Amino acid sequence: MVLVRTTPPRPVEVTELFPELAPLARPAIRLHPRPGSPSVQDSSVGGPLLWPADEPWPHCEDAHLHGDSGFRESPAAIRLGRYRRAQEHDDPYGPSFTPEEVAALEQKAARLAERLDAGPPYPDEGPVPLLPVAQLYLRDVPLLRPPGEADLLQILWCPYDHEPNWKPATRVFWRSAASVTDVLATPPEPYEANYDGYVPEPCVLAPEAITEYPCSLDLSPEVKQVVQDWSRWQAARAVVHGSYEEYPAEYYDAHLADAPGWKVGGWPPWGRTDPNPRYCAVCEARMVPLLTIASFEWDSQTYGWAPQEERAAASARSHIAGLSPAQPTRVEVGSTDNMQLYVCPESPEHPHTDLMQ
């Protein structure tokens with residue numbers, strides 16, 4: 001069955017209310033990840049990768065302080081715990097595994113727990129195998145601009161905090177899916193993750209093309225003044241609660257500008273800091289958003305972006321900790337922040353960069 005998720009119409013037609021924003025429209029694709037069982041042939045978050053058997057699996061060569069956060073669990077144990085919690089609470093948004101998958105997770109978790117309990121030094125401690133974060137096929141996400149004949153984007157990260165900004169270190173790979181004839185069956189996994197929010201839950205995707213506009217922080221002073229003009233909202237008879245009269249830009253940011261959640265392209269979701277442009281280390285071109293890795297698909301301020309198919313779940317105010325339908329990937333970066341990956345518009349093969357917001 002094909003997963004479909006649909007963004008509700010915006011409460012205000014943006015360019016009718018603010019024609020000044022029309023030139024700033026950007027295409028984006030909301031990925032709408034939801035727990036499932038993707039295969040290597042699927043676009044996914046946290047799912048298995050179409051990785052060539054004859055190509056070494058990427059590892060992080062940095063020094064890592066195992067267990068320095070006080071958190072000591074393997075990825076398998078983390079996923080198993082999520083599954084059991086979802087089963088206990090009959091959670092329809094929790095992960096679901098086949099009996100065979102549960103047995104494999106139990107076996108792997110027990111084996112790694114035994115090695116962790118033995119304490120350091122671990123038998124084969126060294127470079128840390130990376131974890132899959134996302135796999136995106138061009139057929140599903142046509143907004144991608146891969147180099148050459150590539151039609152597949154694969155993103156992995158190291159599930160440990162890295163200085164100076166204390167976030168996972170990311171790696172980006174472009175490849176041609178047709179060139180992979182023999183797939184790596186059992187990729188290596190790290191002993192543990194620095195934090196359970198660094199272990200993505202396997203999710204299938206429901207890519208949806210939308211149009212985005214920049215948040216108020218990205219607007220020129222002239223356009224920002226227009227968005228903040230309450231009389232403009234009133235003249236257009238926009239249905240906006242009077243509580244926004246003093247700060248109408250807050251309504252614009254929450255309901256009309258950039259969409260929350262995992263997405264490709266579009267505008268950056270600034271908020272923690274002022275806009276911070278990224279420039280290519282090779283050619284100095286201003287980089288563009290490639291992927292937003294989000295802690296949540298929506299929150300109390302942005303639940304209006306929740307898909308039409310999940311409006312009831314979005315409006316519910318109580319959920320078991322860690323089982324919120326707004327956090328299907330179980331990823332959490334920073335303080336419930338977003339991590340944006342940026343790519344060079346001149347050449348996607350130039351080194352990418354990332355930024356936590």
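The shown structure was predicted, so the numbers you read here are calculated from the model rather than taken from an experiment. Sequence positions, counted from 1, serve as the residue numbers for this chain.
- The closest donor-acceptor contact from the side chain of His352 to the backbone of His350 lies at 3.5 Å or more, if one exists at all.
- Judged by distance alone, the side chain of Gln135 and the main-chain N or O of Leu153 form no donor-acceptor pair under 3.5 Å.
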task = Evaluate salt bridge (Lys or Arg N to Asp or Glu O under 4.0 Å) for Arg232 paired with Glu20, printing each intermediate quantity in order.
result = CA-CA 12 Å; Arg232 177 81 74 99; Glu20 298 87 345; 3.0 Å; yes
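- Note that CG of Leu156 is 9.5 Å distant from OG1 of Thr170, once rounded to the nearest 0.5 Å.
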inquiry  = Is there a side-chain contact (heavy atoms from CB on, under 4.5 Å) between Asp196 and Arg330? Walk through the geometry before answering.
reply    = CA-CA 8 Å; Asp196 60 353; Arg330 304 302 183 253; over 6 Å; no
key: Working for side-chain contact (heavy atoms from CB on, under 4.5 Å), residues Leu50 and Val183   = CA-CA 6 Å; Leu50 186 76; Val183 180; 3.6 Å; yes
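- Hydrophobic clustering of Ile, Leu, Val, Met, Phe, Trp and Tyr side chains at less than 4.5 Å, counting indirect connections, keeps Phe296 apart from Trp298.
- Phe173 and Leu31 sit in two unconnected hydrophobic clusters of ILVMFWY residues. Membership requires side-chain heavy atoms under 4.5 Å apart, directly or through other members.
- You'll find the side chain of Pro214 stays beyond 4.5 Å of the side chain of Asp258, heavy atoms only.
- Side-chain N or O atoms of Thr329 include one that pairs as donor or acceptor with a backbone N or O of Val331 at under 3.5 Å.
- Electrostatic pairing of Asp151 and Arg139 does not count as a salt bridge here, judged by no charged N lying under 4.0 Å from a carboxylate O.
- Other residues, nucleotides and ligands place no more than 12 heavy atoms under 6.0 Å from the OH atom of Tyr247.
- In this model, a donor atom of one side chain and an acceptor atom of the other lie less than 3.5 Å apart for Asp229 and Ser231.
- Summarising the local packing, CD of Gln107 is surrounded by 12 or fewer heavy atoms from other residues, nucleotides or ligands at distances under 6.0 Å.
- Here the CG atom belonging to Leu205 is positioned 12.0 Å from the OH atom belonging to Tyr137, to the nearest 0.5 angstrom.
- Under the 3.5 Å distance criterion, with hydrogens and angles disregarded, a donor-acceptor pair is assigned to the side chains of Asp253 and Ser216.
- Looking only at distances, no side-chain donor or acceptor of Glu201 sits under 3.5 Å from a matching main-chain atom of Pro95.
- Note on Tyr213: it does not cluster hydrophobically with Trp305, by side-chain heavy-atom contacts below 4.5 Å among ILVMFWY residues.
- Looking only at side-chain heavy atoms (C-beta outward), Pro75 and Glu189 come within less than 4.5 Å of each other.
- When every heavy atom of Ile210 is checked against every heavy atom of Ala259, the shortest pair comes out as CD1-CB, 3.7 Å.
- Inter-residue side-chain proximity for Pro38 and Pro48 is flagged as met; some heavy-atom pair is nearer than 4.5 Å.
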task = May I have the step-by-step check of side-chain contact (heavy atoms from CB on, under 4.5 Å) for His162 and Asp62, ending in yes or no?
result = CA-CA 8 Å; His162 289 70; Asp62 293 347; 3.1 Å; yes
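- Considering CD of Glu309 and OG1 of Thr7, their distance stands at 9.0 Å, rounded to 0.5 Å.
- Nearest heavy atoms, Pro190 versus Leu131: CD-CD2, 4.0 Å.
- The hydrophobic clustering, which links ILVMFWY residues whose side-chain heavy atoms are closer than 4.5 Å, places Val333 and Val133 together.
- The two atoms that bring Cys203 and Pro33 nearest to each other are CB-CB, 3.8 Å, heavy atoms only.
- Atoms CD and OG, from Gln327 and Ser295 in turn, are 6.5 Å apart once rounded to the nearest 0.5 Å.
- Asp218 places none of its side-chain heavy atoms less than 4.5 Å from the side chain of Leu24.
- Using a 4.0 Å cut-off between charged side-chain N and carboxylate O, Arg79 and Glu101 make no salt bridge.
- With hydrogens and angles disregarded, no donor-acceptor distance shorter than 3.5 Å links the side chain of Arg278 to the backbone of Val288.
- Residue Val14 is grouped with residue Val223 when hydrophobic side chains (ILVMFWY) are merged at heavy-atom distances under 4.5 angstrom, including chains of intermediate members.
- One finds the CZ atom of Arg5 at 8.5 Å from the NE2 atom of His32 (value rounded to the nearest 0.5 Å).
- Side-chain atoms of Arg10 come within 3.5 Å of backbone N or O of Pro8 as a donor-acceptor pair.
- Residues Phe18 and Trp233 place their aromatic rings such that the two centres sit under 6.0 Å apart.
- The backbone N or O of Pro129 sits nowhere less than 3.5 Å from a side-chain atom of Trp57 that would complete a donor-acceptor pair.
- When every heavy atom of Val204 is checked against every heavy atom of Ser37, the shortest pair comes out as CG1-N, 4.1 Å.
- When atom types are taken as modelled, the side chain of Arg145 and the backbone of Leu143 share a donor-acceptor pair closer than 3.5 angstrom.
- In this pair, Tyr195 and Tyr198 present their aromatic rings perpendicular. The plane angle is above 60°, beyond the 30 to 60° band.
- A salt bridge links Arg34 with Glu310: the distance from a Lys NZ or Arg NE/NH1/NH2 to an Asp or Glu carboxylate oxygen falls below 4.0 Å.
- Side-chain polar atoms of Arg26 and Thr211 form no donor-acceptor pair below 3.5 angstrom.
- Residues Leu80 and Glu106 meet the side-chain proximity criterion, which asks for heavy atoms closer than 4.5 Å.
- A cation-pi contact, defined as under 6.0 Å to the ring centre and within 45° of the axis, links Arg175 to Trp51.
- Between the Glu297 side chain and the Trp262 main chain, a donor and an acceptor come within less than 3.5 Å of each other.
- What you find for Met287 and Pro351 is that their closest heavy atoms are CE-O, 3.5 Å.
- With contacts defined as side-chain heavy-atom distances shorter than 4.5 Å, the pair Met339/Leu341 qualifies.
- Counting non-hydrogen atoms of neighbouring residues, nucleotides and ligands closer than 6.0 angstrom, the CD atom of Glu349 reaches no more than 12 such neighbours.
- In this structure, Gln225 places its CD atom where only 12 or fewer heavy-atom neighbours from other residues, nucleotides or ligands lie under 6.0 Å away.
- Contact between Gly261 and Thr292 at its shortest, heavy atoms only, is O-CG2, 3.9 Å.
- With hydrogens and angles ignored, the 3.5 Å screen pairs a side-chain donor or acceptor of Ser39 with a backbone N or O of Gln41.
- The side-chain heavy atoms of Gln301 and Pro260, taken from C-beta on, include no pair separated by under 4.5 Å.
- Between Tyr83 and Val102 the shortest side-chain heavy-atom distance falls below 4.5 Å.
- Once rounded to the nearest 0.5 Å, the distance linking CH2 of Trp267 with CD of Glu212 reads 10.0 Å.
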key: Residues Trp270, Leu355; criterion side-chain contact (heavy atoms from CB on, under 4.5 Å); working and verdict   = CA-CA 10 Å; Trp270 304 114; Leu355 178 66; 3.4 Å; yes
